Amino acid sequence: MRIERINKAKTPIVKIDKRLNKFQGQVLFPEKLEAANKVLTKIALPKLPDNKG
Amino acid sequence: MKYPKYDYVAESQLMHYEFTSLGPKGEIKKIVEYSETSVANVYNLAFGDYDEKAGGINDKIVTNNGDSQKVLATVASTVYAFTGRYPDSWIYATGSTEVRTRLYRMGLTNNLTEIAEDFYIYGLKNEQWEEFVVGEDYEAFLVTRKIRNFVI
């Protein structure tokens with residue numbers, strides 16, 4: 001990617017730290033996930049506009 | 001984002017991020033997590049203080065490190081990073097308390113112009129998703145990329 005495109009991109013370039021790989025597959029906030037699942041299984045996702053990308 | 005944010009690092013799947021909050025209470029490690037939910041392509045966004053010694057998280061503690069705007073701007077930046085890797089995803093977020101959910105709403109409102117350029121934003125009210133409206137109270141939030149087939 002050209003430098004000017006990198007500078008304009010809103011998607012950040014993320015530094016990877018292998019130290020954090022210990023979290024892979026883990027759920028650190030199980031209560032919040034459970035609460036989210038309760039809502040999401042009960043209430044359907046909104047319909048996106050037809051012109052989505 | 002128009003607010004300053006902290007530098008952060010992530011694990012290789014971009015599901016977990018870490019940054020350090022700096023303020024009157026000192027240095028506080030924060031973890032941001034995206035978890036798969038029971039609905040395909042929908043991920044729960046959560047973040048909280050990470051106690052490295054105990055190896056645990058606290059998402060209810062009120063840190064009062066005087067940098068909540070900066071913390072929220074940092075978390076918002078991870079949404080860009082996460083959806084850059086997983087462009088079809090939906091992200092669900094709610095606060096661990098009503099006060100915190102209002103804080104998220106303020107964070108969305110403060111950055112709405114920019115976020116709305118790139119994301120559809122919905123708020124949960126009376127068991128229905130509606131398009132996010134500034135000033136309304138919501139129980140939870142849902143965002144997804146407007147343009148999904150972009151190239152970084």
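The structure presented is a predicted model; accordingly, all values stated were derived computationally and were not measured.
- Between B/Tyr138 and B/Phe141, the ring planes lie perpendicular to each other; the angle is over 60°, past the 30° to 60° tilted range.
- With B/Val143 as the partner, the side-chain contact (heavy atoms from CB on, under 4.5 Å) test is satisfied by one option alone out of B/Ile91, B/Thr83, B/Asp118, B/Leu45: B/Ile91.
- Neither the backbone nor the side chain of B/Glu130 comes within contact range of chain A, judged by heavy atoms closer than 4.5 Å.
- Counting heavy-atom pairs under 4.5 Å between each of B/Glu139, B/Glu127, B/Met15 and chain A puts B/Glu127 at the top.
- Salt-bridge check for B/Asp137 with B/Arg105: passed, with a basic side-chain N closer than 4.0 Å to an acidic carboxylate O.
- For A/Lys47, the part sitting under 4.5 Å from any heavy atom of chain B is the backbone (N, CA, C, O) and nothing else.
- Aromatic pair B/Tyr50/A/Phe23: ring centres closer than 6.0 Å.
- Proximity to chain A (any heavy atom under 4.5 Å) is shown, for B/Tyr43, by neither the backbone nor the side chain.
- For B/Ala140, no part sits under 4.5 Å from any heavy atom of chain A, backbone or side chain.
- The aromatic ring centroids of B/Tyr17 and B/Tyr34 lie less than 6.0 Å from each other.
- Under a 4.0 Å N-O distance rule, the pair B/Asp49/B/Lys29 does not qualify as a salt bridge.
- Interface residue A/Val27: backbone and side-chain heavy atoms are both found under 4.5 Å from chain B.
- Across B/Val79, B/Thr144, B/Thr78, B/Ile31, the residue that shares the most heavy-atom pairs under 4.5 angstrom with chain A is B/Ile31.
- For the options B/Thr37, B/Asp7, B/Leu14, heavy-atom pairs under 4.5 Å to chain A are most numerous at B/Thr37.
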